[in-house]
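Atom set for the values below is all heavy atoms of this structure, side chains included, hydrogens, waters and symmetry mates excluded. In this text the structure is predicted, and so the values were computed from the model without any measurement.
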Amino acid sequence: MEYGDITRGRFLERPNRFIARVEIGDGQDGEPQVETVHVKNTGRCRELLQKGACVYLEKSGNPARSTAYDLVAVEKGERLVNMDSQAPNRAVEEWLRSGGFREDVTLVKPEAVYGSSRFDFYIEAGGERIFMEVKGVTLEEDGVVRFPDAPSERAVKHVEELVAAKRQGYRAFVLFVVQMEDVRYFTPNRATHPEFADALYKAAQAGVEILAFDCLVRPDSMTVNRPVPIVLTDGESPCINETFRKNLGKNKLEAICIPLLKWYDKSRRILPWRELPTPYRVWVSEIMLQQTRVEAVKPYFERFMKALPDIGALADAEEETLLKLWEGLGYYNRVRNLQKAAIQIQMAYGGRMPDTVEALLTLSGIGSYTAGAIASIAFQRPVPAVDGNVLRVVARLGQDGRCIDDPKVKASVEQALKEIMPEDRPGDFNQAMMEIGACVCLPNGAPLCGECPLADLCDSRRAGTQQDYPKRQPKKARQVENRTILIVRNGDKAAIRKRPGRGLLAGMYEFPSMEGFCTAEEVADYLADNGLEALDIQPLEDAKHIFTHREWHMKGYMVSVEGTPAQESRGPAGDWIYIEPQQTEDKYPIPSAFGAYTKYLSIKLGKNRHEEEYP
C-alpha cells in the first residue's frame, strides 16, 4: 500500500490520543513551523513518539479538515515503523489479492460478517472457507514485538469468535502484521494483557492458525514481507506456535533468513577465499574443505593458490606436484579430480568456470553441494549448498527424525531451502548456514545455543533434544589393519617406496612396512631376505591413523642397514628408493598417516610445514 504526498517532520508532543504537534520544514520567516497533525493510531505508542523523533506525515487531500496532515510513520533508532492503524488491513488486502497468502485464492471479502461477529477478511481458496483477523503490531523491544500495547477486550473477543468459526468448519487465522522490518519474533504481551495471551494460546490449541509477518516499510509505503517466528505461552513454558511449525514449514524456514544473515554479517570468520571469491578460488577452497577443518585448510589454500594460481596452471601441473601441494590434507582423490575437472574446463569451456549447477555437475569431483556452493558464492545463483552442517541445523530446527544419510532427505532439504533463500544474497545465505553449523550448532558435544540467532525458532532447543539430532545410519565398524613401519637408514639416506597408482593413498610415497606387528628379530630376518644387514634396530612409538573405512594400527622401528637390495629382486625391497630426507621438502609426497614417524628423519609434512610458512 502507498501514501500520497509525504512530508518529513520532528515530533514535539502529543496532547491527546488523536493529535500531535510536529515541527515541519521552514516557515515564511525561515523558522520551522509547528503543525497540529492527526495521529492515525490511538494506541499509546509512547516508545515511538519521543520528543525529537523523525516522523513522516501524509498531507490530507481534504482542505476542510482541521488538521492538514496524518502522522503515518516514525523513526525508532535505525528502524522505520509504520504506525498507521489502517495500514495493516490495506497491506494485507493487497497481499491476499496478489497471491502472497495462497496462489489459489478466488475470493477476498473485507469486513465479513459471521453470526454476530465481524472479521477483517473472508477468503475462499482451494475449496476452503477462511476467516482472517488482522492485528497491527508496533510495540518492539530488542527485536521482540508484542501485541497489544494496552489491554484490548475487543481483541480477546475476536480471538474467541474465531474459535467458534473453526468449530463450525471454517479455517481461521489471526495475522499479526508487524509494521516494521527485521525482528526476532512475535509474542503476545502477557505483562500488559494476560487475558489476550491466554485467549491466543487456547485458540492455537483449538486449531486457530496464528501467523505473523513483518513489513517492508518506507516513508510512503508498507508491504507485507516475511514470516516472523511466533512464541506463544500458557503462562509458564514458552513454545513456538504449533501452527507455525506444522502447517507452514516453508514459512518456518523462511523465518530464519533475517536473523541468520544479520548474525553472519556480524560474526562471520575472515577467510582468504571469502575475501576474494573468484570462481576458481571458491572451487578449490570447497574441495579442500571437504572432510577437513577450516583452520587446517587455510595454509594449504594459500600455498596452492601461489603455486597454481588459475585453472590453466592446475590443468598442466605434474601429478607429483599436485600430491605434494596436497600432502597432509588426505583424501587425495580430491586433488586428482580437481585436475581432471580443470582439464575438462580447458577443453569444454575455454578455460572459464561454467556458472550453472547443471554444467558444474558434469565436472569430475563436483556433486550437488559443491556445485551449489560455486554457483551461489561465485556467481550469485539462487541455489542451495547442503552439506552435513546444513543438514544438522535443519534437522535440529524442526526435530526432523529422518535419516540425513538418505539422498531423498538431502534432496528435500535442498528443495526447501531453494524456495526460501534470498535471491539477492544466495552465496551469503549458504555460507551463513555452513558457518552456523560449523561454529554454533556443533556436531560433537553441546551446541552453543546461547550464541545462536535461531534459538527462538529451534524445536530441539525448546525440547532439550539437540543432541538427538540429526538421525544417522549406524556406522559400519572400520577394518583394522596392523602394520609394522620401518624407518630404514643407510648412511645419510632413508628408504621410501611409491604406492600403487590405484587404491588407498594412490601414487603417494611411504616408508617400508610389514604386515602385522613384528618383533625386532622378524624385522632383521625380513631385511636379510632382501639383501640388507641390520646393524641396529630401535623400537619407536606406536601410532594409529584413521581412514574413512579402515584403521591402521602401527608399531615402528628405526633401522640402520648396510647393503643395497638387488634391483632385480622380486621381494618387497626391490622398489625401495633411497633419498636424503630434505628432498621431501619439494618432492616425494608422504601422507599424514606416517606423521608419527617422519619426525625421526626431521621430515615436516605439508600440515606442519605450511603452518610455519603461513602462521
**OP:** For atom NZ of Lys471, decide whether the heavy atoms of other residues, nucleotides or ligands shown that lie under 6.0 angstrom number more than 12.
**Re:** yes
Original post:
Is any NZ, NE, NH1 or NH2 atom of the basic residue among Arg171 and Glu209 found under 4.0 Å from an Asp or Glu carboxylate oxygen of the other?
Top reply: yes
Subject >> Check: Arg478/Thr548 side-chain N/O donor and acceptor closer than 3.5 Å >> reply: no
Original post:
If every non-hydrogen atom of Cys449 is compared with every non-hydrogen atom of Ala455, which pair is closest and at what distance?
Top reply: O-CB, 3.7 Å
Original post:
For residues Ser267 and Glu451, is any side-chain donor paired with an opposing acceptor at under 3.5 Å?
Top reply: no
Subject >> Test item: Met421 and Pro384 side chains (from C-beta on) under 4.5 Å apart, heavy atoms >> reply: yes
Original post:
When the ring centroid of Trp95 is compared with that of Phe213, is the distance short of 6.0 Å?
Top reply: yes
Show every donor-acceptor pair shorter than 3.5 Å between a side-chain atom in residues 139-146 and any protein atom, with sequence neighbours excluded, or say none if there are none.
| unit_1 | atom_1 | unit_2 | atom_2 | d |
| --- | --- | --- | --- | --- |
| Glu140 | OE1 | Lys76 | NZ | 2.7 |
| Glu140 | OE2 | Asp142 | N | 3.3 |
| Glu140 | OE2 | Gly143 | N | 2.7 |

Original post:
Got Pro219 and Leu80 here, is their nearest side-chain heavy-atom distance under 4.5 Å?
Top reply: yes
Original post:
Does Asp265 come within less than 4.0 Å of Arg425, counting only side-chain N to carboxylate O?
Top reply: yes
Original post:
Is the backbone N or O of Gly595 less than 3.5 Å from a side-chain atom of Ser592, with the two atoms forming a donor-acceptor pair by type?
Top reply: no
Subject >> Derivation of the side chain to side chain contact (heavy atoms under 4.5 Å, CB included) call for Ile230 and Tyr185 >> reply: CA-CA 6 Å; Ile230 301 167; Tyr185 63 87; over 6 Å; no
Original post:
CG of Leu314 to CG of Leu308: how many Å apart, nearest 0.5 Å?
Top reply: 6.0 Å
**OP:** Assess the pair Phe147 and Phe196: is the distance between their ring centroids shorter than 6.0 Å?
**Re:** yes
**OP:** Look at the side chain of Arg381 and the backbone N and O of Val357, then say whether any donor-acceptor pair between them is shorter than 3.5 Å.
**Re:** no
**OP:** Quick one: do Lys298 and Phe301 satisfy side chain to side chain contact (heavy atoms under 4.5 Å, CB included)? Show the steps, please.
**Re:** CA-CA 5 Å; Lys298 286 197 289 188; Phe301 179 81; 5.8 Å; no
**OP:** State whether a side-chain donor-acceptor pair under 3.5 Å links Thr192 with Asn189.
**Re:** yes
Donor-acceptor list for residues 372-379 side chains, cut-off 3.5 Å, not counting sequence neighbours:
| unit_1 | atom_1 | unit_2 | atom_2 | d |
| --- | --- | --- | --- | --- |
| Ser376 | OG | Gly372 | O | 2.7 |
| Ser376 | OG | Ala373 | O | 3.3 |
| Ser376 | OG | Asn430 | ND2 | 2.8 |

Original post:
Does a side chain donor of either Glu286 or Gln290 reach within less than 3.5 Å of an acceptor in the other side chain?
Top reply: no
Subject >> Minimum heavy-atom distance Leu329-Val297, with the two atoms named >> reply: CD2-CG2, 4.4 Å
Subject >> Glu2 atom CD, neighbour heavy-atom count above 12 within 6.0 Å >> reply: no
Subject >> Criterion salt bridge (Lys or Arg N to Asp or Glu O under 4.0 Å) on Glu93 and Arg97, from CA distance to verdict >> reply: CA-CA 6 Å; Glu93 183 171 358; Arg97 295 188 186 280; 3.0 Å; yes
**OP:** Kindly indicate whether the side chain of Glu133, heavy atoms from C-beta on, has any atom under 4.5 Å from the side chain of Val159.
**Re:** no
Subject >> Minimal non-hydrogen separation, Arg396 against Tyr469, with atom names >> reply: NE-O, 3.0 Å
Original post:
How long is the span from the CG atom in Leu200 to the CD atom in Gln205, to the nearest 0.5 Å?
Top reply: 10.5 Å
**OP:** Verify whether the ring centers belonging to His545 and Phe547 lie closer than 6.0 Å.
**Re:** yes
**OP:** May I ask you to say whether Asp198 pairs ionically with Arg190, meaning some side-chain N is under 4.0 Å from a carboxylate O?
**Re:** yes
Original post:
Do you see a donor-acceptor pair shorter than 3.5 Å between the side chains of Tyr332 and Glu327?
Top reply: no
**OP:** Look at Asp104 together with Arg102 and state whether they make a salt bridge at an N to O cut-off of under 4.0 Å.
**Re:** yes
Original post:
Can Val284 and Met305 be said to form a side chain to side chain contact (heavy atoms under 4.5 Å, CB included), step by step?
Top reply: CA-CA 9 Å; Val284 172; Met305 287 296 112; 3.7 Å; yes
Original post:
If you look at every heavy atom in Val217 and Val81, which pair is closest and at what distance?
Top reply: CG1-C, 4.4 Å
**OP:** With the side chain counted from C-beta on, respond yes when Leu325 and Arg303 share a heavy-atom pair under 4.5 Å apart, and no when they do not.
**Re:** yes
Original post:
Is the shortest distance from a Lys or Arg side-chain nitrogen in Arg90 or Glu94 to a carboxylate oxygen in the other one below 4.0 Å?
Top reply: no
Original post:
Is there a donor in the side chain of Gln399 and an acceptor in the side chain of Asp459, or the other way round, less than 3.5 Å apart?
Top reply: no
Subject >> Non-hydrogen side-chain atoms of Phe304 and Met288 separated by less than 4.5 Å >> reply: yes
Original post:
Is the shortest heavy-atom distance from the side chain of Leu162 to the side chain of Phe131 under 4.5 Å?
Top reply: yes
**OP:** Indicate yes or no: at least one non-hydrogen side-chain atom of His158 is less than 4.5 angstrom from one of Asp120.
**Re:** no
Subject >> Residue among Leu175, Val134, Val177 satisfying side chain to side chain contact (heavy atoms under 4.5 Å, CB included) with Leu211 >> reply: Leu175
**OP:** Look up atom OH in Tyr56 and atom CZ in Phe11, then write down how far apart they are to the nearest 0.5 Å.
**Re:** 15.5 Å
Original post:
Which value, rounded to the nearest 0.5 Å, describes the distance between Leu289 atom CG and Thr292 atom OG1?
Top reply: 7.0 Å
**OP:** List the atom of Ala155, the atom of Lys135, and the distance in Å for their closest heavy-atom pair.
**Re:** CA-NZ, 4.0 Å
Subject >> Any Phe173 side-chain heavy atom under 4.5 Å of Phe101 side chain >> reply: yes
Original post:
Is Arg472 salt-bridged to Asp405, cutoff N-O under 4.0 Å?
Top reply: yes
Subject >> Minimum heavy-atom distance between Gly427 and Gln380, given as atom pair plus value >> reply: N-OE1, 4.0 Å
**OP:** May I ask you to decide whether Asp400 forms a salt bridge with Arg402, counting only side-chain N to carboxylate O separations under 4.0 Å?
**Re:** yes
**OP:** Measure the SG-CG distance between Cys439 and Asn389 for me, rounded to the nearest 0.5 Å.
**Re:** 8.5 Å
Original post:
With distance as the sole test, does Ser85 use its side chain to make a donor-acceptor pair with the main-chain N or O of Lys40 at under 3.5 Å?
Top reply: yes
Subject >> Asp387 CG to Lys410 NZ distance, which is reported to the nearest 0.5 Å >> reply: 8.0 Å
**OP:** For side chain to side chain contact (heavy atoms under 4.5 Å, CB included), just list the numbers for Met1 and Ser221, CA-CA rounded to whole Å, side-chain angles, deciding distance to a tenth of an Å, and then say yes or no.
**Re:** CA-CA 6 Å; Met1 54 140 300; Ser221 66; over 6 Å; no
**OP:** Run the ring-centre check on Tyr264 versus Phe429 and record whether the distance is less than 6.0 Å.
**Re:** no
Distance-only criterion, 3.5 Å: show the donor-acceptor pairs between side-chain atoms of residues 270-279 and protein atoms not counting sequence neighbours.
| unit_1 | atom_1 | unit_2 | atom_2 | d |
| --- | --- | --- | --- | --- |
| Arg274 | NE | Gln431 | OE1 | 3.1 |
| Arg274 | NH1 | Arg269 | O | 3.0 |
| Arg274 | NH1 | Glu435 | OE1 | 3.4 |
| Arg274 | NH1 | Glu435 | OE2 | 3.3 |
| Arg274 | NH2 | Glu435 | OE1 | 2.7 |
| Glu275 | OE2 | Arg268 | NH1 | 3.3 |
| Thr278 | OG1 | Arg281 | N | 3.3 |

Original post:
Would a distance-only check, ignoring hydrogens and angles, find a side-chain to backbone donor-acceptor pair under 3.5 Å from Arg461 to Leu457?
Top reply: no
